[in-house]
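Heads up: the structure comes next, in structure tokens.
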Amino acid sequence: MARHCFRIGAAAAAAALGLLTGLSPRAASAAPLHTGTTGPGHTATSRFVPGPCPRTPEPIEALANARCGYLEVPENRTRPDGRTIRLAVAVIPATSAKPVQDPVVFMSGGPGGETFDDIPFLVSSGLNRDRELIVMAQRGNLYDQPDLACPELDRFYATSVGLPSYAPQTRRLMLDAVKRCRDRLTADGTDLSAYNSTENAADFADLRTALGIKQWNVYGHSYGSNLALTYLRLHPQGIRAVALDSIAPAHYVSLPFAWAGAKEGLDHLYQACAAEPRCKSRYPDLARTLNEQVRKLEAHPLTLNVKPPQGGDPVKVVLDGGALVNLLVAKAIPFKDVPAAIDELGRGRPERFARARAAGSVQVEGQTAHGLTNSVVCSEWIPDHSASDVLKAGREAFPDWPEPVLAQAPQLAFQEEVCRVWNVPDRTAEMREAPVGPVPTLFLNGTFDMKTGASWAQRTARTLPRSTTVQIPGIGHWVVPQSPCAQQVLASFLTRPTAPDTGCVADLEWEPFTITPK
């Protein structure tokens, strides 16, 4: 769900902060100052500065009554005399007349996803029903200073729909966009090596202390679950409970991991179709048809002019094997329509996939912090796996697919070359340590998720003895906003972390698949 102000003065915000933390307005004005120890011999100063809420492109209703500001932190905590950066923060009040005192803090996906755009989904999912919801844009995000957006890459992605997925020309254009973004950011003095999960986790630890919060709950999805586990491992103090949605465990994530997730989600979709009599009867050879189309389109790509779903003039799209795989993993087509789309493709009707590909021609420039994306991916996910590891994982997952498709991890094309351009230090050794401890943990995963397979929750839970794992059938990436049952489970977990009510899961079924005439 990769989506989408009320302004108050500093004095009013300080008074509001006092209500949040139980401090007097005067104490709240002084409370933001905080000195935190981030490691042996390293001390850094952070503080919360009340201020106006961000000006979002579309008004976010929940920000009208929110208390906002910035967390000021060192860019690089190993260089305490270095520059300071500012991270946008919003505290959204509970809707309950008698909220509980432990708020929930949200960690968004990506890395580099626009955090404030997630607020409507969080609110509609009930995250602030009984407790305050705290949202902070991870370092480098939109509304932060600096903002590590890469409009160069946004423009590349918009044009790439008309290019073969893994052709040399596509590779050159992408690497050129990456280099231009890197050169621009570093020319502004940005230390790209400081935009990583360890620093991100320390930011959240500092935020809790700066706001004067004794204890809070953590909810993270996708990369946010990765960050939440890193935070739990490095800064367990003050964490009451952790909810992880669409788990991407820091000690497992890599390029080969992407192939395992794609296979698991696709296999679950095949099994669901086979378990539904009408789907099984209408699409009896779904896996074989998809395998044939991946091979056929990679050998002989289709070039079409297609109108994007968002409207506008038709655009040129190239539909090849790589594009087909990436569209499936990205859930560019609703799951209920996937069997029909694959069947139509096999019958010479590529329109559904072509329209989904055309949707990528409309990119909102500057919304995604690609600088944070590359700094995290290139330092934490890539260095301890080789190109041959990626190809091997692809062959194990999909032995019938052609090598050019399997050589590139889904949604992470040319990533090894990108990382050579981005050039940040290897941090994999410190990220491969599993989190341990008694903090109650909830894992929520969707069975159709082709980005982060549901089985990773069970593996991660082995070192977290007070954990509960829940799988929601027929749901893809980022479960809670899509499932009322998942919302109930999460609310129950936040109320009783060691004994959540998961009863609604037993009766769940996936949405029936679309059945088209033969």
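These values consider heavy atoms only, across backbone and side chains, with no hydrogens, waters or symmetry-generated copies.
- With sequence neighbours excluded, the residues forming a salt bridge (charged side-chain N to carboxylate O under 4.0 Å, His left out) with D203 are R77, R139, listed by chain and number.
- Between the side chain of N374 and the backbone N or O of W422 there is no donor-acceptor pair closer than 3.5 Å.
- Within the structure, disulfide bond (SG atoms under 2.5 Å apart) contacts touching residues 313-358 (residues at least two apart or in different chains) do not occur.
- Distance check: T463 OG1 to E433 CD gives 10.0 Å after rounding to the nearest 0.5 Å.
- Atom CG in L227 sits 8.5 Å away from atom OG in S108 (nearest 0.5 Å).
- Taking a cutoff of 4.0 Å between a charged side-chain nitrogen and a carboxylate oxygen, E292 and R288 qualify as a salt bridge.
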Counting only pairs under 3.5 Å, give me each side-chain donor-acceptor contact of residues 246-258, with atom names and distances, residues two or more places apart or in other chains.
from: S246; atom 1: OG; to: W478; atom 2: N; distance (Å): 2.8
from: S254; atom 1: OG; to: F257; atom 2: N; distance (Å): 3.3

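- Between L286 atom CG and L269 atom CG the span is 7.0 Å, to the nearest 0.5 Å.
- Remark: side-chain polar atoms of E380 are paired, donor with acceptor, to backbone N or O of S197 under 3.5 angstrom.
- Side chain to side chain, D449 and T452 meet the donor-acceptor criterion of an N or O pair below 3.5 Å.
- Every pair passing side-chain hydrogen bond (donor to acceptor under 3.5 Å, both in side chains) that includes a residue from residues 346-359 is listed here, sequence neighbours excluded: D343-R347, E344-R352.
- Remark: the backbone N or O of T447 is paired with a side-chain donor or acceptor of H268 at under 3.5 angstrom.
- Judged as a disulfide bond (SG atoms under 2.5 Å apart), the pairs with a partner in residues 249-292 (not counting sequence neighbours) are, in order, C273-C279.
- A distance-only check finds no donor-acceptor pair linking the side chain of T514 to the backbone of A340 [under 3.5 Å].
- Within the 3.5 Å criterion, the main-chain N or O of L372 finds no donor-acceptor partner in the side chain of S375.
- Under the 3.5 Å distance criterion, with hydrogens and angles disregarded, a donor-acceptor pair is assigned to the side chains of D320 and S165.
- A donor-acceptor pair is defined here as one N or O able to donate and one able to accept, closer than 3.5 Å; such a pair exists between the side chain of S492 and the backbone of D501.
- Considering OG1 of T428 and NE2 of H385, their distance stands at 9.0 Å, rounded to 0.5 Å.
- For T115 and Q138, the side-chain atoms include no donor-acceptor pair closer than 3.5 Å.
- Atoms CD and CG, on Q471 and L444 in that order, are 10.5 Å from each other to the nearest 0.5 Å.
- In this structure, T186 contributes its side chain and R182 its backbone to a donor-acceptor pair below 3.5 Å.
- At least one donor-acceptor pair under 3.5 Å links the side chain of T289 to the backbone N or O of D285.
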Donor-acceptor contacts, no H, no angles, side chain residues 408-416, under 3.5 Å, sequence neighbours left out:
from: Q408; atom 1: OE1; to: F414; atom 2: N; distance (Å): 2.7
from: E416; atom 1: OE2; to: A387; atom 2: N; distance (Å): 3.1

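- A donor atom on one side chain and an acceptor atom on the other are found under 3.5 Å apart for Y195 and E75.
- Side-chain atoms of D188 and T190 include no donor-acceptor pair closer than 3.5 Å.
- When each of V218, N217, L122, L127 is tested with F106 by the rule side chain to side chain contact (heavy atoms under 4.5 Å, CB included), just one qualifies, namely L122.
- Partners of N326 according to the side-chain hydrogen bond (donor to acceptor under 3.5 Å, both in side chains) rule, which considers only residues two or more places apart in sequence or in another chain, are Y166.
- Aromatic pair Y157/H370: centroids less than 6.0 angstrom apart.
- Judged purely by atom type and a 3.5 angstrom limit, R155 has no side-chain atom pairing as donor or acceptor with the backbone of A177.
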Side-chain donor-acceptor contacts of residues 298-318 below 3.5 Å, not counting sequence neighbours, with atom names and distances?
from: E298; atom 1: OE1; to: G321; atom 2: N; distance (Å): 3.1
from: E298; atom 1: OE1; to: G322; atom 2: N; distance (Å): 3.1
from: Q310; atom 1: NE2; to: A359; atom 2: O; distance (Å): 3.0

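- A distance of 6.0 Å separates CG of L345 from CG of L324, quoted to the nearest 0.5 Å.
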Under 3.5 Å donor-acceptor pairs involving side-chain atoms of residues 397-404, not counting sequence neighbours:
from: D400; atom 1: OD2; to: N291; atom 2: ND2; distance (Å): 3.4
from: W401; atom 1: NE1; to: N291; atom 2: OD1; distance (Å): 2.8
from: E403; atom 1: OE1; to: R395; atom 2: NH2; distance (Å): 2.6

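- Looking at T441 and R466, their side chains never bring a donor and an acceptor atom within 3.5 Å of each other.
- Between the side chain of E264 and the backbone N or O of S455, at least one donor-acceptor pair lies under 3.5 Å.
- Remark: D183 engages K179 in a salt bridge (charged side-chain N to carboxylate O under 4.0 Å, His left out) (not counting sequence neighbours).
- By the salt bridge (charged side-chain N to carboxylate O under 4.0 Å, His left out) test, K263 pairs with D267, sequence neighbours left out.
- Minimum heavy-atom separation, C181 to A149: SG-O, 4.0 Å.
- Scanning for salt bridge (charged side-chain N to carboxylate O under 4.0 Å, His left out) contacts around R420 gives an empty result, with sequence neighbours left out.
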